[in-house]
Amino acid sequence: MAKDKIDFSSEEVRHRYRHTSSHIMAQAVKKLWPNAKLAIGPAIENGFYYDIDMEHKITDQDLLKIQKEMKRIIQANYPIERFELPRKEAIELEKRAGEDYKVELIEDLPEDAVISFYKQGDFTDLCAGPHMDSTGQIKAVKLTSVAGAYWRGDEHNKMLQRIYGTSFPSQAELDDYLAKIEEAKKRDHRKIGKEMDLFALYEEGPGFPFFLPKGMILRTQLENYWREEHAKRGYDEIKTPLILNEQLWRTSGHWDHYKDNMYFTKIDDEDYAIKPMNCPGAMLAYKRTMHSYRDLPIRLAEMGQVHRHELSGALHGLMRVRTFTQDDAHIFMLPEQVKDEILGVVNFIDDVYKLFGFKYHVELSTRPEDSMGTDGEWSMAENALKEAIEDKGIPYVINEGDGAFYGPKLDFHLEDSLGRTWQCGTIQLDMQMPQRFDLTYVGSDNHKHRPVMIHRVIFGSIERFIGILIEHFAGKFPLWLAPVQVKVLTVAEAFADYASGVANELREAGLRVEVDIRNEKIGYKLREARNQRVNYILVIGEREQEAGTASVRSTKVGELGVMDIEDLKGKLVDEVNSKKL
C-alpha cells in the first residue's frame, strides 16, 4: 500500500487503518500505565476499541492523555513489523510480558497453530492483522468514550474497561464525522420521542414499547398509507394469530433454525409458540382452498406483530425491541411470474423510500451455512434475484452467507439525512416453505404444481421505521405524518374565542390542531411549541382577530407572515394531500 495515499472508500483499508489505530492506543496505554493488561482491540464500524484490565479507572481527562501519547507514537512513524512464533514460544512471550488474556487466547488455538505478532517501536501485540505499514500513516484520531465490558462477553468473567475511538485520514474528515455524531445525539429518537410524547419504554416491559396518543397518530398515518398503496397494487390484507402450536413451527423449520429466538407457552398441556415471523400463518391462509394457475399471483399482506427474544444488552429504544410489527407480504406465484413480481416489489420499495427522501443501496444475501433446500434450488433462487435487480439497473453488492435459512434475499439499506444506513426492506425468494407446507395450485395441464413464494417487507418494522423517521427528520415530520400539524397560540386570554374558532375551522378541513390559550407569555408558548416540533404555529393577537388572519410560523421555513385563514387552510390541505417533504 502506498504510504502517501489511503483509499478510505475501501472497507478493507478502513479496517486495516482502524485496527492499526487500536494498537497505537494500546501502546499509549501501556506507556502511561505499564501494569495494564491488554485483552482484545478490534476495528469496528466507524472506529475501534480496546478492552483493558487495569486498576486505574479511566476518566475523560485520561482519554486526552492517551490521545496525546498516541500522537507522539504517530509522529515517531514506527515501522509496523509482523513476525510469527510457534504456539509454545508465543505463550512464553506473553507470560513474560504478564499478558494473561493473550495467553488465554493463544491456549485456545490449535496445538500446531503458528501465532502472529505485530511490533511497532518497543511495543509488541498478539494479532492476526492486517495493519498499515507504519504508525505515521495514521493522521487523525479521537478517543470518544469508556465503557465496561466483560471479558469474552461473559458476565461471569471480570469486567474490563473498553476504550472507544475513531480515526480518519485527515482532520477535516474526523471533524465532519464528529459533527455528525453530535447531530445524531440531538436527533436521538429516544430523546425526541420523549419530548414529543410519542412512545415510552418501561422497566415493567423491557423491549416492549408503549405507543402514546401522539405516537399512535404517527403510526396510524403510516399504516393508512401502507394500506392504500397495497390496495393499489393488488394485495389482499390478512391477520394471523400471535400464538400457534409447536407442530406448525416444526413444519416451517423455525423450530430447528430459530428456536433460541422464540418465546413458548403451554395451552391445554400442548406446546405453543408466540410467532417470531408471520410466514407460517400466511401458508395456512393460502392453503385453505385449492387454487388454479389463473388465480396466481396471490399477494397476501399483513401488519403482523411478532415477538423475538433479544438479549437485554442489545435493546435500544425502538431500533431493537422484543416485539414489533412487520409490514409483511407473501406473494405466491407461477415460476414464470417470479421476475415480474420481484420487479414489482423493487418498484414498490423505490416509491416508498423516495416519498421520505431516502437514498438506498441493495445487497444480495446468499445461502447461509444453516439452511434448507438443495444446491439447485438455491442457485435458481439467487439467479432470479440477480436477474431482476440487474434488469432494473440498480447496482448491488453480494453479501455472502447472510440469506435466510429458507432462501436468498435482496436487502435494501436506506440512507438517512446524516448519511447513516439502515437495513429495512427485504425481498426473500423461498422455494422451501411451499414444499414443507405442501402448497399447490392446479396448472393448465390439470395437474398439481408447487408455487414459488416471495416474503417481503418495506418498512421492515413499523417501530424501527418510526425510530428512523424521528432521527431522519429530527422530529420535524412531513405535514401528513405530524401528530400535531398546527398549534394556535394567543398573546392574551381575550383572543381565546377567535383562536378556538380558527382551530375548529382547520379541524373541519381534516387538520390536527391544538390550541394554547393559557395565560402565559407568548415567548414561553412559542418555545414550547417549537420543542414539540409542531409544523405550523399560529399566533393570534388583536390585529389578527380584527383582520380575520393569523401570524404564521413554520418550524422548517421560519416566519411566513400574516395569512388569511382560508388561504392558510388551502395551503396546508394541499401539503397534506401531496405528501410533500
Just jot down the side-chain contact (heavy atoms from CB on, under 4.5 Å) partners of [X], sequence neighbours excluded, or say none.
| X | answer |
| --- | --- |
| Thr325 | Arg219, Met303, Gln305, Ile462, Glu463 |
| Val397 | Glu363 |
| Val346 | Ile342, Ile389, Lys392, Ile394, Phe412, Ile427 |
| His316 | His189, Arg190, Met319, Arg320 |

Q: Quick one: which residue pairs count as a side-chain hydrogen bond (donor to acceptor under 3.5 Å, both in side chains) with a foot in residues 280-290, not counting sequence neighbours?
A: none
Inspect the contact between [Y] and [X] and indicate whether a charged nitrogen and a carboxylate oxygen are less than 4.0 angstrom apart.
| X | Y | result |
| --- | --- | --- |
| Arg227 | Glu237 | yes |
| Lys275 | Glu302 | yes |
| Glu183 | Lys180 | no |
| Asp438 | Arg450 | yes |
| Arg420 | Glu471 | yes |
| Arg456 | Asp328 | no |
| Glu228 | Lys232 | no |
| Arg367 | Asp402 | no |

Q: Assess whether side-chain hydrogen bond (donor to acceptor under 3.5 Å, both in side chains) is satisfied between Arg187 and Ser417, documenting all intermediate values.
A: CA-CA 11 Å; Arg187 291 171 179 250; Ser417 58; 3.1 Å; yes
Mind checking the [atom1]-[atom2] spacing from [X] to [Y]? Nearest 0.5 Å is all I need.
| X | Y | atom1 | atom2 | result |
| --- | --- | --- | --- | --- |
| Phe477 | Leu218 | CZ | CG | 5.0 Å |
| Leu479 | Leu511 | CG | CG | 7.0 Å |
| Ile454 | Leu429 | CD1 | CG | 6.0 Å |
| Arg14 | Ser167 | CZ | OG | 11.5 Å |
| Ser365 | Gln423 | OG | CD | 7.5 Å |
| Asn399 | Leu410 | CG | CG | 11.5 Å |

Test your reading of the model: is there a side-chain donor-acceptor pair from [X] to the backbone of [Y], 3.5 Å cut-off?
| X | Y | answer |
| --- | --- | --- |
| Asn245 | Leu248 | yes |
| Arg507 | Val513 | yes |
| Glu390 | Glu387 | no |
| Asn383 | Met380 | no |
| His15 | Val13 | no |
| Asn261 | Arg308 | no |
| Ser10 | Asp7 | no |
| Thr323 | Val306 | yes |
| Thr426 | Val457 | no |
| Ser379 | Gly376 | no |

Q. Under 3.5 Å, is there a donor-acceptor pair between the Tyr536 and Glu575 side chains?
A. yes
Q: Could you list all the salt bridge (Lys or Arg N to Asp or Glu O under 4.0 Å) pairs where at least one residue sits in residues 241-253, not counting sequence neighbours?
A: Glu246-Arg250
(Q) Can you pull out every salt bridge (Lys or Arg N to Asp or Glu O under 4.0 Å) where at least one residue sits in residues 264-274? Sequence neighbours excluded, please. (A) Lys266-Asp271
**Q.** Chi angles and distances behind the side-chain contact (heavy atoms from CB on, under 4.5 Å) call for Tyr360, His413
**A.** CA-CA 5 Å; Tyr360 63 88; His413 297 255; 5.9 Å; no
In terms of ring plane angle, is the pair [X] and [Y] parallel, tilted or perpendicular, where the classes change at 30° and 60°?
| X | Y | value |
| --- | --- | --- |
| Phe459 | Tyr225 | tilted |
| Tyr177 | Phe168 | tilted |
| His254 | Tyr258 | perpendicular |

Q: Answer with yes or no after comparing the ring centroid distance for Phe264 and Trp249 against a 6.0 Å cut-off, counting only values under it.
A: no
(Q) Between Phe48 and Tyr17, is the ring centroid distance below 6.0 Å? (A) no
[X] versus [Y], closest heavy-atom pair with distance:
| X | Y | value |
| --- | --- | --- |
| Ala482 | Asn535 | CB-OD1, 2.9 Å |
| Ala39 | Trp151 | CB-CZ3, 3.6 Å |
| Leu581 | Leu355 | CD2-O, 3.2 Å |
| Tyr272 | Leu244 | CD2-C, 3.4 Å |
| Ala273 | Met262 | CB-CE, 3.6 Å |
| Ile398 | Glu400 | CG2-OE2, 3.5 Å |

Q | His472 and its ring pair (Phe, Tyr, Trp, His ring centres under 6.0 Å) partner, picked from Phe465, Tyr353, Phe356, Phe358 | A | Phe358
For [X], what residues pass the ring-ring contact (aromatic ring centres under 6.0 Å, His included) criterion, not counting sequence neighbours?
| X | value |
| --- | --- |
| His307 | none |
| His230 | Trp226, Tyr235, Phe348 |
| Phe208 | none |
| Tyr441 | His449 |

Q.
One pair to check against side-chain hydrogen bond (donor to acceptor under 3.5 Å, both in side chains): Asp430 and His455. What are the steps and the verdict?
A. CA-CA 7 Å; Asp430 186 355; His455 309 246; 2.8 Å; yes
Considering only distance and modelled atom types, tabulate donor-acceptor pairs under 3.5 Å from the side chains of residues 192-201, sequence neighbours left out.
| residue | atom | partner | partner atom | Å |
| --- | --- | --- | --- | --- |
| Glu195 | OE1 | Arg533 | NH1 | 2.5 |
| Glu195 | OE1 | Arg533 | NH2 | 3.2 |
| Glu195 | OE2 | Lys191 | NZ | 3.2 |

